[in-house]
**Q** 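Take this structure first; my questions come after.
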Amino acid sequence: MNKNSLLCDFISGILGYLKSGNSLKSSVKLLMELKNASGELVKLCQHVFNGLNEGEKLSSVLNGFSSKIPVWFSSFVYVAEEGCCLEKILDFSLQILKDKIKTKRKILEESAYPAFIVFLALCSSFAAAMFFPMNLEMKNNFFKSMFFAAVFLLSSFAFLFLLSCHFFKTDKILLFFKSMAFLKESSIPLLQSVDCSWEITGGEKKLEETVVNIHHRLLWGENAQSVFDEEFEKIGVKICGQMNSSVFFEDMACIREEKNRRIQKVILGYQQPVMICLVAVYLIVLLKNIIVPLLQGGIF
């Protein structure tokens, strides 16, 4: 079980018990005692339950299980402990995790059909090489041509798959704006919201640097609107609207999400037709360089 799936099961389980009126400690215990709970989930619940029993805060307990718990989630829980509703934080965190899992699933689903076409083309050409009546020299030539054509086809598929991964991967800038919107709605101060949202940008070096710069400049008392405008402009993100608006970060998240949706629609629209064309080229190359000469030579 990967990190996202484990944490998703943990949060959804805890949320269900909390909404039923149980305390946090009781919720963790009930989840731990579920018959169908995975071994990793039970281990996590046991760790959390022991920490809560010793009087530790949930955020501290989670930090001690960092191999399975991302830092951003611990930061969000810490914010909840400082005055925000824990259930709201868990709901928001669960949505983030579900979006990540959904994104990975979508990449695999969209790549399944092109992969099947490639597999079918390779199997067909291999079957042709095995069962067509050819002498040894012709068969060697056929396999040689098939090898280079197959390398081209597989390389093209790999390129399209990586392209899909790039454009369908989790957008950390979008997550940052969503996080800021949620924390502002929860009445968390701007500087603390930036600190908490910074954790969610892990893995994006330029964005991390941008958020760190925003934190330092806000700490020095600079105007928030100017800080966000200037720092995000450095990474090619145009800030729209005024920060004094109650829906400023929500609007930025919507703009970013719509942009991503348009790009993904274009990628999806071209992926399968392009792959079909490449498979056609692969088969035509084999037909032209091998089968046609065989036909002309009267082999069949």
Side-chain angles (χ1 to χ4, degrees), residues 1-109 169-172 174-176 178-188 192-204:
M1 183 180 289
N2 61 38
K3 280 185 179 182
N4 288 342
S5 297
L6 174 62
L7 188 54
C8 197
D9 289 345
F10 177 74
I11 295 174
S12 57
I14 296 296
L15 257 178
Y17 289 121
L18 285 175
K19 289 179 178 179
S20 298
N22 294 283
S23 66
L24 177 60
K25 191 187 296 185
S26 297
S27 299
V28 175
K29 185 178 181 181
L30 288 168
L31 182 60
M32 180 175 61
E33 293 173 348
L34 276 180
K35 290 183 179 180
N36 60 346
S38 67
E40 289 187 61
L41 182 59
V42 170
K43 186 177 178 181
L44 172 58
C45 291
Q46 184 69 59
H47 174 81
V48 172
F49 184 75
N50 291 341
L52 294 175
N53 257 345
E54 293 171 5
E56 292 185 60
K57 289 186 175 182
L58 179 58
S59 57
S60 301
V61 176
L62 293 173
N63 278 331
F65 209 80
S66 57
S67 60
K68 293 292 182 182
I69 302 297
V71 178
W72 65 264
F73 179 63
S74 301
S75 299
F76 271 74
V77 171
Y78 176 77
V79 168
E81 292 168 344
E82 293 297 307
C84 183
C85 175
L86 179 60
E87 286 186 25
K88 285 176 65 178
I89 287 287
L90 293 178
D91 266 324
F92 179 72
S93 301
L94 184 61
Q95 189 56 53
I96 289 176
L97 291 166
K98 284 183 176 179
D99 286 345
K100 287 184 176 182
I101 293 170
K102 184 179 176 181
T103 297
K104 290 181 179 179
R105 188 180 295 121
K106 191 170 186 179
I107 291 172
L108 294 175
E109 287 174 354
K169 70 178 181 179
T170 301
D171 185 351
K172 294 295 180 69
L174 173 60
L175 277 184
F176 175 78
K178 280 186 174 182
S179 172
M180 291 294 294
F182 170 76
L183 293 170
K184 185 173 182 179
E185 183 186 347
S186 302
S187 302
I188 304 300
Q192 189 178 357
S193 297
V194 171
D195 285 345
C196 186
S197 300
W198 173 79
E199 303 289 359
I200 217 167
T201 64
E204 295 276 352

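Quick caveat, the model's predicted, so the values are computed rather than measured.
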**Q** If you take all heavy atoms of S59 and V77, which pair is closest and at what distance?
**A**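 Smallest interatomic distance, heavy atoms only, reads N-CG1, 3.8 Å.
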
**Q** Which heavy atom in Q192 sits nearest to a heavy atom in V79, and how many Å separate them?
**A**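 What the structure gives for the nearest pair is NE2-CG2, 4.1 Å.
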
**Q** Could you give the distance from OG1 (T103) to CG (L108), rounded to the nearest 0.5 Å?
**A**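 That separation rounds to 11.0 Å.
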
**Q** Is the shortest side-chain heavy-atom distance between N63 and I69 below 4.5 Å?
**A**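 N63 vs I69: side chains apart.
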
**Q** Is any side-chain heavy atom of W72 closer than 4.5 Å to a side-chain heavy atom of I96?
**A**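 In contact.
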
**Q** Heavy-atom distance under 4.5 Å between the side chains of K19 and L90, does that happen here?
**A**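 A side-chain contact is absent here, since even the closest heavy-atom pair is not under 4.5 Å.
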
**Q** Donor-acceptor pair, distance only, cut-off 3.5 Å: does the side chain of S193 make one with the backbone of I188?
**A**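 Yes, S193 side chain to I188 backbone: donor-acceptor pair under 3.5 Å.
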
**Q** Quick check: do V42 and S38 have side-chain heavy atoms less than 4.5 Å from each other?
**A**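 Answer no - side chains too far apart.
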
**Q** Can you confirm whether the side chains of Q46 and N50 place a donor and an acceptor under 3.5 Å from each other?
**A**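 Yes, because at least one side-chain N or O of Q46 sits under 3.5 Å from a partner of the opposite role on N50.
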
**Q** For C8 and L97, work out which heavy atoms get closest and say how close.
**A**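 For C8 and L97, the tightest heavy-atom pair comes out as N-CD1, 3.9 Å.
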
**Q** Can you name the residues that form a salt bridge (Lys or Arg N to Asp or Glu O under 4.0 Å) with D195, not counting sequence neighbours?
**A**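 None.
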
**Q** Could you walk me through whether F49 and V61 pass side chain to side chain contact (heavy atoms under 4.5 Å, CB included), step by step?
**A** CA-CA 9 Å; F49 184 75; V61 176; over 6 Å; no

**Q** Quick one: are K100 and L175 in side-chain contact, heavy atoms under 4.5 Å?
**A**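 Side chain of K100 against side chain of L175, heavy atoms only: contact under 4.5 Å found.
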
**Q** For F182, does its backbone N or O pair with a side-chain atom of S186 as donor and acceptor, under 3.5 Å?
**A**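 Here the side-chain-to-backbone pair exists.
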
**Q** Starting at CD of E33, measure out to SG of C45 and round the result to the nearest 0.5 Å.
**A**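 Rounded to the nearest 0.5 Å, the CD-SG separation comes out at 10.0 Å.
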
**Q** Using only atom types and a distance under 3.5 Å, with no angle test, would you say the side chain of N22 pairs donor to acceptor with the backbone of S27?
**A**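 No, N22 side chain to S27 backbone: no donor-acceptor pair under 3.5 Å.
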
**Q** Mind checking the CD-CD1 spacing from E87 to I89? Nearest 0.5 Å is all I need.
**A**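 Rounded to the nearest 0.5 Å, the CD-CD1 separation comes out at 12.0 Å.
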
**Q** Does the side chain to side chain contact (heavy atoms under 4.5 Å, CB included) test come out yes or no for Y17 and L24, once each step is laid out?
**A** CA-CA 8 Å; Y17 289 121; L24 177 60; over 6 Å; no

**Q** With distance as the sole test, does S197 use its side chain to make a donor-acceptor pair with the main-chain N or O of V194 at under 3.5 Å?
**A**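 No; judged by distance alone, with no hydrogens or angles, the pair does not exist.
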
**Q** So, taking the atom named NZ in K104 and the one named OG in S5, what distance separates them when rounded to the nearest 0.5 Å?
**A**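 Between atom NZ of K104 and atom OG of S5 there are 7.5 Å.
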
**Q** Any heavy-atom pair between the side chains of R105 and E109 that's under 4.5 Å?
**A**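 The answer is yes, as the side chains (C-beta and beyond) meet within the 4.5 Å cut-off.
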
**Q** To the nearest 0.5 Å, what is the distance between NZ (K29) and CG (N53)?
**A**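 It comes to 8.5 Å.
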
**Q** If you look at every heavy atom in S26 and S23, which pair is closest and at what distance?
**A**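 Closest heavy-atom pair between S26 and S23: OG-OG, 2.9 Å.
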
**Q** Would you name the heavy atoms of L31 and A37 that are closest together and state the gap between them?
**A**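 L31 and A37 have their closest heavy atoms at O-CB, 4.0 Å.
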
**Q** Hey, are K106 and D99 close enough for a salt bridge, meaning a charged N less than 4.0 Å from a carboxylate O?
**A**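 Looking at K106 and D99, the cut-off is not met.
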
**Q** Taking all non-hydrogen atoms of both residues into account, name the closest pair between L6 and E40 and its distance.
**A**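 Closest approach of L6 to E40: CD1-C, 3.9 Å.
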
**Q** How many angstroms lie between atom CG of L94 and atom CD1 of I14, to the nearest 0.5 angstrom?
**A**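 These two atoms lie 12.0 Å from each other.
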
**Q** Could you pull out all residues at least two apart from F10 that satisfy ring-ring contact (aromatic ring centres under 6.0 Å, His included)?
**A**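 Testing F10 for ring-ring contact (aromatic ring centres under 6.0 Å, His included), a comparison that skips the adjacent residues, returns none.
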
